[in-house]
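Here's the structure, in structure tokens; my notes come after.
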Amino acid sequence: MTQVPRISFVFLDSETTGLSRPRVSELSLVAVHRCSLLQPPRDPDSGLPLPPRIVDKLTLCMTPQKPFEPAAEELTGLSNWSLQENGKPGFDQAVVQAIECFLARQAGPVCLVAHNGFGYDFPLLRAELDRLEADLPPATGCLDTLLALRELEKPCKRSYQLVELYKRYYGQGPELAHSAEGDVHTLLMVFLFRAPKLVEWAAYNARSWADILPLYPQSPRDSSIELSGEFSPSGSIGG
DNA sequence: TGCCAGGCCCTCTTTAGGGCCTT
């Protein structure tokens, strides 16, 4: 059997204001013991993996200080109004500290796992951290299940949307979709279905967090939004 | 004023174009 370095896997999903220079509105991190990934409990009838014991979980909602795109607001059920009304601060130093503490609790090295992570979640997290001049531990690894599963299932050409993968593996749709916590659970179950291959794949193909570039560069416009600290619910910024 | 993502992958490809994937 191939020897695979001992890695802690942390599953990550973010909800955002949309697809154009997005800001994070919700972030969810889930840690599962390595043995739970490789030897999960299984349904005695179907043999399919059952949800494993989650050992650490962090879900944070935050006011993104940028108007939601209508499609994102409808999809996620979050809005600038609801988040601000509930007094949720933005992606600030407290969020950075929460992430740092969460990762520090895991037996290192940590490998973050996200679906389309290289194209979206990781560069987005990098952009948010850059804005605060913060960073993650340099030894942090990154695994993109979209890239990995496309590679492992070649020549499969069917959809690789997270929900479609879940349906394909488990024969039904996930219970929760388009909340960070719901999607991270869906991601975890998709990972479990292919866990031995993905764990081995990660050992040789995970990228370093240090190689993740921000989704977009910081601009003076970002700073002006930040400094204004407010936005109008109608969508205009700063008057 | 007007526009508004972008990287990756596949193929009817490579001097390109279109679809996928994330919200």
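Between A/E200 and A/R194 there is no salt bridge, since no side-chain N of the basic residue sits under 4.0 Å from a carboxylate O of the acidic one.
Closest to the A/D183 side chain, of the nucleotides B/dC8, B/dC21, B/dT23, is B/dT23. The listed nucleotides are B/dC8, B/dC21, B/dT23; the one nearest the side chain of A/T76 is B/dT23. Of the candidate nucleotides B/dT23, B/dC8, B/dC21, B/dC21 has the atom nearest to the side chain of A/Q161. Nearest to the side chain of A/S20, among B/dA5, B/dT22, B/dT23, sits B/dA5.
Taking the C1' atoms as reference points, B/dT1 lies 30 Å from B/dG17, given to the whole Å. Rounded to whole Å, the C1' atom of B/dG6 lies 14 Å from the corresponding atom of B/dT23. Here the separation of B/dC3 from B/dC10, taken at their P atoms, is 34 Å to the nearest Å. Taking atom C1' on both nucleotides, B/dC8 is separated from B/dT14 by 16 Å, rounded to a whole Å.
Around the CD atom of A/Q93, the shell of radius 6.0 Å holds more than 12 heavy atoms that belong to other residues, nucleotides or ligands. With a 6.0 Å radius and a threshold of 12 heavy atoms from other residues, nucleotides or ligands, A/R42 has its CZ atom above the threshold.
Nucleotide B/dG6 holds its P atom 13 Å from the CG atom of A/L124, rounded to whole Å. Between A/Y160 atom OH and B/dG7 atom P the separation is 23 Å, expressed in whole Å. Rounded to whole Å, atom C1' of B/dG7 lies 16 Å from atom OH of A/Y216. Atoms CG (A/L146) and C1' (B/dG7) sit 11 Å apart, rounded to a whole Å. Between A/L213 atom CG and B/dC8 atom P there is a gap of 10 Å when expressed in whole angstrom units. Counting to the nearest Å, the C1' atom of B/dC10 and the CD atom of A/E153 are 17 Å from each other. Between the P atom of B/dG6 and the CD atom of A/E69 lies a distance of 12 Å, rounded to the nearest Å. Note: CG (A/L12) to C1' (B/dT22) measures 12 Å, nearest angstrom.
Between A/R23 and B/dT23, a side-chain N or O to OP1/OP2 separation shorter than 4.0 Å is absent. The side chain of A/T16 places no N or O atom within less than 4.0 Å of a non-bridging phosphate oxygen (OP1 or OP2) of B/dT22.
Comparing A/V163 and A/F118 along DNA chain B, the residue whose closest nucleotide (by nearest heavy atom) sits nearer the 5' end is A/F118.
With respect to A/H185, the side-chain contact (heavy atoms from CB on, under 4.5 Å) criterion is satisfied by exactly one of A/P51, A/S179, A/S28: A/P51.
Within 4.0 Å (heavy atoms only), A/G18 reaches at least one base atom of the nucleic acid. Within 4.0 Å (heavy atoms only), A/S14 reaches sugar-phosphate atoms of the nucleic acid but no base atom. Using a 4.0 Å heavy-atom criterion, one finds that A/L162 contacts the sugar-phosphate atoms exclusively.
Using a 30° and 60° split on the angle between ring planes, A/F9 and A/F191 fall in the tilted class, from 30° to 60°.
The aromatic ring centres of A/Y166 and A/F193 sit 6.0 Å or more apart.
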